[in-house]
Amino acid sequence: MKKLFFIPIFLMLFTTGCVPKSIIDDINIEAASAFDELEDDTFIGTVLIQEYLPDQSTENKTFTATANLRRDLLLNIQRQSSEPLHLGGLMVTIFGDKLADRGIIDFVDNYQRDPSIGARNFLATSSGSALQILKGEYGPRGNSDYLNNLIEHNMRYRDLPETNLHIFIRDYYTKGKDPYLPELRQINNKEVEISGLSLFKKDREVHVLPTEKMFFFKLLADRHSNGSFKVDLGIDKEAEIKSIASKRKIKLSKKYPSQVVIHIKIKGVIPEYTGDKITPQIVKEVEKALEKEVNKECLSLVKQFQEQGIDPIGFGFYHRKQIRGYDFKKWEEDYKRLTFKIKTDVNIVETGVVE
Amino acid sequence: MPNLPIEDRFKISPFLVFYMITSMQIGIGVLGYQRLIAQYANEDAWISVLIAGSLIHIIVWMMYKIMETVDGDLVTAHIYVAGNFIGKLLSTFFVFYFFTYSLTILRSYLEVIQVWMFPTMSIFWFTLAYLLLCIYIIYGGFRTVVGIAFFGIVLPAYLFLIFGFNLKFANFEHLLPILDNSFKDILLGSYHMSLTFIGFEIVLFFYPFIKNPQKSKKWAHLAILTTTLLYTGLMMLTLSFFSEEQLRKSIWATLTMWKIVQMPFVERFEYIGIATWSLVILPNFCISLWVASRLLKRIFNLQQKKGVFLISITNLIVINFIDTREQVGLINDYTGKAGFIFTFLYIPLLLVMVLIVKKVKKK
């Protein structure tokens with residue numbers, strides 16, 4: 001019996017060689033990639049790998065190839081790489097302007113199929129060339145870390161609504177909701193910024209929301225959000241409001257089913273104020289002003305979406321879920337007739353450490 | 001020989017029945033059952049799971065009724081109803097049943113490893129290593145098998161904490177409107193839960209090994225309740241995490257859900273999850289091997305040690321012939337169907353037969 005016990009252990013020791021090894025120093029880990037369309041049916045793709053140097057800095061290395069099929073892209077890039085490419089470390093994927101206009105689901109779908117790619121990957125579009133963004137030099141931690149952190153902290157603490165690979169795919173496959181992605185722009189070889197939000201119709205980019213509107217969009221799109229916004233209170237008086245917690249609820253009005261009521265609650269602080277003194281009265285004023293502003297801007301946003309026939313907030317989804325037995329085929333017609341009502345409650349809890 | 005009483009020192013405490021049943025039920029099905037159910041019942045899939053779970057309570061009650069009446073395991077019940085020869089012939093089918101069960105589990109798990117981790121891994125060598133481990137466990141006797149069942153539940157239990165990561169991305173409005181699907185569709189969903197739920201029928205085979213079988217009843221029901229709630233909860237979470245069509249595409253929804261997990265020290269959590277899962281399916285595999293060899297002993301008087309060896313070797317040979325996704329899907333499907341027929345059709349039938357024979361014998 002004792003002898004028998006050793007057989008599994010021996011087997012486990014010796015059969016480890018049955019699977020090909022991937023030693024970290026002998027592979028190239030793809031850290032970011034960018035795709036764009038050259039002309040009809042020809043794609044160009046860039047893959048960024050990072051080499052970690054002995055002095056703890058990283059070197060960005062890019063490979064670029066063109067191909068007719070998306071699959072060939074990776075094959076062509078493999079041919080340039082001195083070590084086998086692995087997809088496991090992918091963090092950011094950027095789609096060029098032309099490609100986003102044409103549809104990106106083929107690329108995204110493949111990410112979903114590949115088990116080595118995580119669902120928290122960031123997808124983004126670019127204004128201008130997607131490939132150039134990867135070819136810049138953005139600091140010692142490497143380009144992919146830079147881009148990843150850029151998107152992540154803006155999503156967590158600022159105005160960028162939450163998206164990643166999972167959310168994009170989920171929205172794409174949800175009946176009655178369209179996905180959205182952040183748009184990046186390269187300022188120069190050392191700087192890159194978030195320049196807006198690409199709104200999609202299915203998988204085609206149809207509109208880019210400017211950064212000023214992103215705060216309002218996030219209030220509408222995310223169930224919980226935070227971000228900051230500036231309110232003008234007339235001459236020489238400006239207040240910045242940082243929303244620390246907000247909630248939004250979408251309900252279909254019971255009386256009129258074609259009316260959507262969006263209830264937004266914002267709890268915020270005033271970190272910046274240019275004026276004499278913050279009195280409770282001014283706080284009230286700021287609250288009122290922000291409420292008005294949010295109502296106005298959000299309403300114009302949803303009306304704009306309605307005109308464009310896109311539905312990034314997911315009104316169709318709420319129709320399907322809140323009306324029993326809703327025939328989704330009617331949705332396109334119903335959407336055109338939909339009216340909106342936005343109610344905002346702003347509650348400012350703190351005004352900083354000085355009066 | 002057939003009805004030798006089991007010595008007390010080989011028997012197990014009644015509460016261990018809980019671990020036997022849960023560890024046998026939770027196996028390969030839970031990695032991807034969501035898609036199959038949602039295909040029919042859509043957002044009401046969790047109701048299907050609840051219905052299936054509550055029906056199983058009735059089946060467990062029936063199983064205990066059968067075993068109490070004949071005071072023995074399934075083979076005794078068969079002999080009681082149909083006589084020695086036909087009774088044993090009927091029992092032979094269950095050797096095949098548990099053989100297929102073990103094959104399905106191991107092959108499905110291997111498929112997961114091949115798709116998610118190592119595409120080139122050899123089926124033969126892994127099976128050989130795994131089988132040797134299982135043979136070793138079974139040679140330790142029934143109580144060792146029960147011990148493995150205990151650890152197969154307790155050690156991987158931490159995996160369920162991981163689903164906390166998914167809560168952040170869950171939108172429970174996906175579950176609305178409740179009961180929007182026809183009752184027939186919901187029941188069809190329940191029917192497809194078979195593969196995920198089967199495993200509780202093993203009580204029929206180790207009943208003589210339970211000390212105080214009366215007391216084990218409540219533990220059996222508690223086990224069913226636990227798995228039902230677990231599956232229902234996971235189903236609700238899955239439905240609110242994915243959108244309908246996305247779920248329809250995910251063969252292993254549970255594993256896909258782990259793709260969102262992000263921890264500072266591990267990039268891809270699935271690798272840890274899948275490796276841990278080998279501990280979850282270990283009791284599955286061991287118990288089904290044990291039951292099959294036990295049946296061989298009861299029917300053909302074949303020494304259990306030889307029986308285990310025989311079944312293991314057959315497993316090792318047959319598993320190489322199941323190659324593709326379709327074949328694995330097919331064998332999963334067949335095992336699920338066989339499980340459904342056994343538990344939901346055969347057991348009630350057997351109970352009726354046993355009760356009739358009992359009345360006749362009294363006269």
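This one's a predicted model, so the numbers in the text were calculated from it and none came from an experiment. Throughout, protein chains are lettered first and strands after them, A, B, ... in sequence-line order, and every chain is numbered starting at 1.
- No donor-acceptor pair under 3.5 Å is formed between the side chain of A:His166 and the backbone N or O of B:Lys259.
- Shown here is A:Phe328, whose CZ atom has more than 12 heavy atoms of other residues, nucleotides or ligands within 6.0 Å.
- Considering CD of B:Glu245 and OH of A:Tyr173, their distance stands at 7.0 Å, rounded to 0.5 Å.
- With a 4.5 Å cut-off on non-hydrogen atoms, A:Tyr318 touches chain B through its side chain but not through its backbone.
- Note that the CZ atom of A:Arg170 and the CG atom of B:Leu247 stand 13.0 Å from one another [nearest 0.5 Å].
- Interface remark: of the candidates A:Lys177, A:Arg320, A:Lys175, A:Arg320 forms the most heavy-atom pairs closer than 4.5 Å to chain B.
- Nearest heavy atom pair, residue A:Ala119 against residue B:Ile260, reads CB-CD1, 3.8 Å.
- Most heavy-atom pairs under 4.5 Å with chain A: of the set B:Glu43, B:Arg248, B:Gln262, this distinction falls to B:Gln262.
- The choice from B:Phe242, B:Phe126, B:Phe169, B:Tyr271 that makes the most heavy-atom pairs within less than 4.5 Å of chain A is B:Phe169.
- In this structure, the side chains of B:Lys249 and A:Arg113 stay at 4.5 Å or more apart for every pair of heavy atoms.
- Looking at A:Asp109, only its side chain comes within 4.5 Å of chain B, counting heavy atoms on both sides.
- Shown here for A:Thr174 and B:Ser243, the closest heavy-atom pair between the two residues is OG1-CB, 3.1 Å.
- Proximity to chain B is absent for every atom of A:Asp171, based on heavy atoms less than 4.5 angstrom apart.
- Neither the backbone nor the side chain of B:Phe269 comes within less than 4.5 Å of any heavy atom of chain A.
- Only the side chain of A:Phe317 comes within contact range of chain B, with at least one heavy atom under 4.5 Å from a heavy atom of that chain.
- Separating the OG atom in B:Ser250 from the CD atom in A:Gln112 is a distance of 6.0 Å, to the nearest 0.5 Å.
- Nearest heavy atoms, B:Asp180 versus A:Arg324: OD1-CG, 3.6 Å.
- Looking at A:Ile117, the atoms closer than 4.5 Å to chain B (heavy atoms on both sides) all sit in the backbone: N, CA, C or O.
- Only the side chain of B:Glu270 comes within contact range of chain A, with at least one heavy atom under 4.5 Å from a heavy atom of that chain.
- Atom-to-atom distance recorded for B:Leu176:CG and A:Ile323:CD1 is 12.5 Å, nearest 0.5 angstrom.
- Under the 4.0 Å criterion applied to side-chain N and carboxylate O atoms, B:Glu244 and A:Lys321 are assigned as salt-bridge partners.
- Electrostatic pairing of B:Lys168 and A:Glu162 counts as a salt bridge here, judged by a charged N lying under 4.0 Å from a carboxylate O.
- The structure places CH2 of B:Trp116 at 9.5 Å from CG of A:Asp114, a figure rounded to the nearest 0.5 Å.
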